[in-house]
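Reading through the structure tokens given below for one structure.
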Amino acid sequence: MERVAVIDFETTGLSPAMGDRATEIAAVILEGGRVVDRYQSLMNAGVRVPAHIEALTGISNAMLREAPPASDVMRAVADFVGDSPLVAHNAAFDARFWDAELARITRKRQQEFACSLLLARRLLPQAPSHKLGALIEFTRLPVAGRYHRALADAEMAASLLLRLEAELVARHQVAEVSHALLRTIQAAPKHQLERCLARHRQAAPADA
DNA sequence: TGCCAGGCCCTCTTTAGGGCCTT
């Protein structure tokens, strides 16, 4: 797979349209099947963290008072990932915050998101849950740190993505996994997954 | 203080409802 950036936001809530803001961002760069670079920062957007969110993430108002401005962090992380295709767990959520925070610094996303949650639903349908933590446990991947902190969650989503890539190659005989193929798979209706994968299989001797 | 959204996907569906995920 080409170079991709796996990102994760911590935020004050679920919806930027309702006034929620990002509090932490992490980006993990995958290249050649391994992590080659990382970025992580708390970010001060000048809003208060609700108590139930602080309990969930461990990110407090006191921590954010010491953090760099959200605008500085978004410029830095956008430059860090460049035009690499993006991946996130439940990407619809992270894409909304990514786009909303970029808009505040008058920048626009240039690349597409792929979603490890939708991919896991397709490729690991037998998992009891498709929450990030449940998938890490199900696949016996290492826990990278505290759940609901940006870098730990981004690292674990990156590990999961590599596992899904390996699954495509070993179990489904996909010749080459690209970000574009991941987006095709996640968007394929379940009953058409096999047909979708068949088009990307390595040429077997019987096919020659 | 507590609340809020939105897309995917299943089913006792499609003229809909509700669970799963993200914080």
Side-chain angles (χ1 to χ4, degrees), chain A residues 4-28 40-64 67 70 73-74 77 86-104 109 112-139 141 143-161 163-164 182-196:
Chain A
V4 301
V6 183
I7 72 152
D8 186 73
F9 274 109
E10 303 306 318
T11 71
T12 62
L14 297 175
S15 172
M18 300 294 293
D20 292 321
R21 296 294 305 274
T23 58
E24 187 179 43
I25 175 80
V28 169
Q40 177 274 328
S41 182
L42 290 168
M43 48 203 283
N44 185 352
V47 294
R48 286 196 64 77
V49 180
H52 69 284
I53 299 290
E54 180 176 340
L56 179 73
T57 64
I59 297 171
S60 67
N61 288 295
M63 290 163 69
L64 293 185
V73 173
M74 285 308 299
V77 71
L86 297 168
V87 178
H89 197 70
N90 199 7
F93 173 85
D94 290 277
R96 281 197 297 275
F97 278 94
W98 183 264
D99 292 347
E101 294 292 346
L102 277 189
R104 289 176 176 274
R109 171 162 56 96
E112 301 285 357
F113 268 92
C115 177
S116 55
L117 167 65
L118 297 180
L119 286 165
R121 281 181 177 162
R122 288 287 176 277
L123 301 173
L124 300 173
Q126 71 276 32
S129 158
H130 295 91
K131 287 182 188 178
L132 180 59
L135 286 166
I136 292 299
E137 184 176 349
F138 180 74
T139 53
L141 288 165
V143 176
R146 176 183 171 143
Y147 284 111
H148 297 300
R149 285 303 299 264
L151 185 57
D153 281 3
E155 296 264 12
M156 289 188 281
S159 299
L160 176 62
L161 182 69
R163 176 61 60 89
L164 295 174
L182 296 179
R183 286 176 50 79
T184 299
I185 291 168
Q186 74 186 42
K190 262 187 175 172
H191 64 279
Q192 289 180 13
L193 179 62
E194 268 310 307
R195 191 186 303 172
C196 170

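Excluded from the calculations below are hydrogen atoms, water molecules and symmetry mates; all remaining heavy atoms, backbone and side chain alike, are included. Sequence lines set the chain letters: A, B, ... in the order given, protein chains first and strands last, and positions in each chain run from 1. Quantities reported herein were computed from a predicted structural model and do not represent experimental measurements.
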* Sub-4.5 Å side-chain heavy-atom contact between A/Met74 and A/Arg104 ->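 No; the side chains remain at least 4.5 Å from each other.
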* Taking the side chain as every heavy atom from C-beta outward, state whether A/Gln126 and A/Leu124 have any atom pair closer than 4.5 Å. =>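 Yes. Closest side-chain heavy atoms under 4.5 Å.
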Need one value for [X]: base, sugar-phosphate or nothing, where a base atom within 4.0 Å counts as base even if backbone is also close, heavy atoms only.
X	value
A/Arg122	sugar-phosphate
A/His52	nothing
A/Thr57	sugar-phosphate
A/Asp8	sugar-phosphate
A/Thr12	nothing
A/Phe97	nothing

Closest listed nucleotide, where the reference is the side chain of [X] and the choices are [options]:
X	options	value
A/Leu132	B/dA5, B/dC20, B/dT22	B/dT22
A/Arg121	B/dA5, B/dG7, B/dT22	B/dG7
A/Leu117	B/dT23, B/dC8, B/dC21	B/dC21
A/Arg96	B/dG6, B/dT23, B/dC9	B/dG6

Using the [atom1] atoms only, state how far [M] lies from [N], rounded to an integer number of Å.
N	M	atom1	result
B/dT14	B/dC9	C1'	14 Å
B/dC8	B/dC3	C1'	24 Å
B/dG19	B/dT13	C1'	15 Å
B/dG6	B/dC12	C1'	25 Å
B/dC4	B/dG18	P	15 Å
B/dG2	B/dT23	C1'	15 Å

* Stepwise salt bridge (charged side-chain N to carboxylate O under 4.0 Å, His left out) check, A/Glu10 with A/Arg149 -> CA-CA 7 Å; A/Glu10 303 306 318; A/Arg149 285 303 299 264; over 6 Å; no
* Side chains of A/His148 and A/Thr57: donor-acceptor distance under 3.5 Å anywhere? ->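 Result is no, nothing qualifies.
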[N] [atom2] sits how many Å from [X] [atom1], rounded?
X	N	atom1	atom2	result
A/His191	B/dC8	NE2	C1'	15 Å
A/Asn90	B/dG19	CG	P	17 Å
A/Arg48	B/dG2	CZ	C1'	14 Å
A/Glu101	B/dT23	CD	C1'	13 Å
A/Asp99	B/dA5	CG	C1'	15 Å
A/His148	B/dT22	NE2	C1'	9 Å
A/Leu64	B/dT23	CG	C1'	13 Å
A/Met18	B/dG6	CE	C1'	12 Å

* **Nearest-nucleotide comparison on DNA chain B, the residue closer to the 5′ end among A/Ile53 and A/Gly19** =>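 Result: A/Gly19.
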* Which comes earlier along DNA chain B counting from the 5' end, the contact point of A/Pro189 or that of A/Thr11, where each point is its nearest nucleotide? ->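 It is A/Pro189 whose nearest nucleotide is closer to the 5' end.
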May I ask you to evaluate whether [X] reaches the phosphate of [N], defined as a side-chain N or O under 4.0 Å from OP1 or OP2?
X	N	result
A/Lys190	B/dC10	yes
A/His130	B/dC21	yes
A/Ser129	B/dC21	yes

* To do: Just say parallel, tilted or perpendicular for the rings of A/Phe97 and A/Phe9, cut-offs at 30° and 60°.
  =>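 Geometry flag for A/Phe9 against A/Phe97: tilted rings.
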* Among A/Asp94, A/Val77, A/Val28, A/Val87, find the one that has a side chain to side chain contact (heavy atoms under 4.5 Å, CB included) with A/Ile7. =>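 Single side chain to side chain contact (heavy atoms under 4.5 Å, CB included) partner of A/Ile7 among A/Asp94, A/Val77, A/Val28, A/Val87: A/Asp94.
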* Asked: Is there a donor-acceptor contact under 3.5 Å from the side chain of A/Asp153 to the main chain of A/Tyr147?
  ->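 No, because the side chain of A/Asp153 does not come within donor-acceptor range (under 3.5 Å) of the backbone of A/Tyr147.
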